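Everything below concerns the one structure shown next.
What you are looking at is a predicted structure, and each value in this text was computed from that prediction instead of being measured. Reminder, nothing fancy here: chain letters follow the sequence lines and each chain counts from 1.
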Amino acid sequence: MRLSKYFLPILRETPKEAEIVSHRLMLRAGMLRQESAGIYAWLPLGLRVLNKINAIVREEQNRAGAIEMLMPTIQSADLWRESNRYDDYGKEMLRIKDRHEREMLFGPTNEEMVTEIFRAYVRSYKDLPLNLYHIQWKFRDEVRPRFGVMRSREFLMKDAYSFDLDQASAEHSYARMFTAYLRTFARMGLKAIPMRADTGPIGGKLSHEFIILASTGESEVFCHKDFLDFDAPPADIDFDDAKAVGGVVEKWTSRYAATSDMHDVSAFGALSGDDQVSARGIEVGHIFYFGTKYSEPMRAVVNGPDGKETPVHMGSYGIGPSRLVAALIEANHDDAGIIWPAAVAPFHVGLANLKVGDAATDAACADLYARLTKAGIEVLYDDRDERPGAKFATLDLIGLPTQVIVGPKGLADGKIEMKDRRTGARETLSPDEAFNKLAASGGL
RNA sequence: CGGGGUAUAGCGCAGCCCGGUAGCGCAUCUGCUUUGGGAGCAGAGGGUCGCAGGUUCGAAUCCUGCUGCCCCGACCA
């Protein structure tokens, strides 16, 4: 993409409404535009990151055996009356009336709807287990939206729903998602720690929040130091093997970890001082097993091997991709701007032409841009007629992992410069060497 | 939902106390010079001062009501 033809409204000064660093940087980097309290438009650069996150989430959900679909944002109130949650949910639910005065709502979550879909089609235990998910906008009319997309009213959520014949099988489904979540966050360069969680209004017995540690996190968390060194499960783990994924859950729940809600001061105090990690965290995922809480009132039943009807055991599994964008920035930034982990970077390479209009510089940039693009590397080519300083500042702000800097001085010696945004390390090399290096790493 | 702020050009702000027809920096546009870490000079454009009432010869400024937004607390992907 040529920056001269892109839509990247960079702000030099920080809009005053932004308090935390991720919000500030998202506004400054032209990723996001607030349209109303807690409601945001995703500008092109922001959308690219959101899509990268979604792609990883999707790959790992699919790998774990979940099946993607798409449910609507608007739901009928009647559905929610079946589960008795229409009144329970309170003012956080945005209620809407259509032209026929029918009561509708903007979905804050989809347990009811997916249960309705399940019961419409599935009759036999032979069709289980089943896990359906979608990535869809949700609306929760938060009392106090804040921190940009970290706590917005409209937000994107990946929500998966598992259906099983019995609790043992449901626990396997839970372990699949537990494992998939560890992999998902690790692929984004995040260390997420599963912590025992309160089940809240969703209900249920078994629940974990996935928390990443960040000094600006909203909640206070406590865990064992060992978690920081645990490796995520490998890609080739057999998700169908209940023992294998069960082992992952066992390992990752073998040490103390809790949010302040569930914190047990004496259990934590029993750890040696060196092992105690007390920090702040951001919740990026939350998984629940809630048994027959919805299947019973909503009559989602299957015939078991014995021919008897039995309500299915369910779980739900949420990740907030829009919140993850903010969480990733909280965990990856410096004074100059964002530092994207390669896996979610909106572009892999920022190519800066330091002297637009200089024939040799223009030609070298055009050539590199074409070759890299052809090699499948996503390049943002800054071909604007700006001074070098402005280009460096822009590239640092938007945080692309690799900067390729081409100027007349270096080119006189046949050299260009490659800079690693995270470490600041620079190398001087020929355009061919730079191309080969980037092509070999796939831009990552 | 309780408490506290705030609203003036795209962004950041001054002006308000003490009423007299709106200003600064950045950004934008034009020209010239400049070109390896947010350049310099000259010029230009852009605002019914959040909305609605009121007081006054006259309101960004004083009064009343409303709305938006932000922050702190109680609640949440």
Sub-6.0 Å ring centroid separation between His172(A) and Phe239(A): no
Would you say a side-chain N or O of Thr394(A) is under 4.0 Å from OP1 or OP2 of G38(B)? no
Considering only atom C1', compute the distance from G2(B) to U64(B) and round it to an integer number of Å. 24 Å
For Glu35(A) and G68(B), what is the distance between atoms CD and C1' respectively, to the nearest whole Å? 14 Å
Suppose we define a pair by two distances each less than 3.5 Å, Watson-Crick or G-U wobble; what does C16(B) pair with here? none
With a 4.5 Å cut-off on side-chain heavy atoms, are Thr184(A) and Lys158(A) touching? no
Could you check which nucleotide pairs with U21(B) in any of the strands shown, counting Watson-Crick or G-U wobble with both distances under 3.5 Å? none
Go ahead and name the base partner of A39(B); Watson-Crick or wobble counts if both distances stay under 3.5 Å, otherwise write none. U33(B)
Partner of C1(B) by Watson-Crick or G-U wobble geometry, both contacts under 3.5 Å, or none? G73(B)
Using a 4.0 Å heavy-atom cut-off, does Glu417(A) contact any base of the nucleic acid, only the sugar-phosphate backbone, or nothing at all? base
With the criterion being N/O to N/O and under 3.5 Å, what pairs connect the protein with nucleotides 41-43 of chain B, and how long is each?
none

Does the ring of Phe155(A) meet both stacking tests against the six-membered base ring of A77(B): centre distance under 5.5 Å and plane angle under 30°? yes
For residues 70-81 of chain A, run the donor-acceptor check on the side chains, cut-off 3.5 Å, and write out each pair with its distance to 0.1 Å, sequence neighbours left out.
{"residue": "Gln75(A)", "atom": "OE1", "partner": "Trp80(A)", "partner atom": "NE1", "Å": "2.7"}
{"residue": "Gln75(A)", "atom": "NE2", "partner": "Thr109(A)", "partner atom": "O", "Å": "3.1"}
{"residue": "Ser76(A)", "atom": "OG", "partner": "Asp78(A)", "partner atom": "N", "Å": "3.1"}
{"residue": "Asp78(A)", "atom": "OD1", "partner": "Arg81(A)", "partner atom": "NH1", "Å": "3.2"}
{"residue": "Arg81(A)", "atom": "NH2", "partner": "Glu103(A)", "partner atom": "OE1", "Å": "2.9"}
{"residue": "Arg81(A)", "atom": "NH2", "partner": "Glu103(A)", "partner atom": "OE2", "Å": "3.4"}

Using the P atom as the reference point in each nucleotide, state the distance between U30(B) and G12(B) in Å, no decimals. 25 Å
To the nearest Å, give me how far apart CD (Glu142(A)) and P (C69(B)) are. 15 Å
What is the distance, to the nearest angstrom, from the CG atom on Asp382(A) to the P atom on U35(B)? 19 Å
In whole Å, what is the span from the CD atom of Glu111(A) to the C1' atom of A77(B)? 11 Å
Pairing check on G68(B): which nucleotide meets the Watson-Crick or G-U wobble criteria with it, both distances under 3.5 Å? U6(B)
Polar pairs (N or O, both sides) under 3.5 Å between protein and nucleotides 7-10 of chain B?
none

For residues Phe210(A) and His208(A), establish whether the separation of their ring centroids is below 6.0 Å. no
Measure the distance from CZ on Arg146(A) to P on A77(B) and round it to the nearest whole Å. 14 Å
Watson-Crick or G-U wobble mate for U28(B), both contacts under 3.5 Å: A44(B)
Ring centroid separation His313(A) to Phe163(A) under 6.0 Å: no
Centres of the Phe155(A) and Trp137(A) rings: under 6.0 Å? no
When the distance from CZ of Arg387(A) to C1' of G36(B) is rounded to whole Å, what number comes out? 10 Å
Tyr161(A) ring center near Phe290(A) ring center (under 6.0 Å): no
Can you tell me how far C1' in A44(B) sits from the matching atom in U61(B), rounded to whole Å? 30 Å
Euclidean distance, atom CZ of residue Arg384(A) to atom C1' of A39(B) [Å, nearest integer]: 15 Å
Starting from P on G36(B), measure out to CG on Leu351(A) and report it in whole angstrom. 17 Å
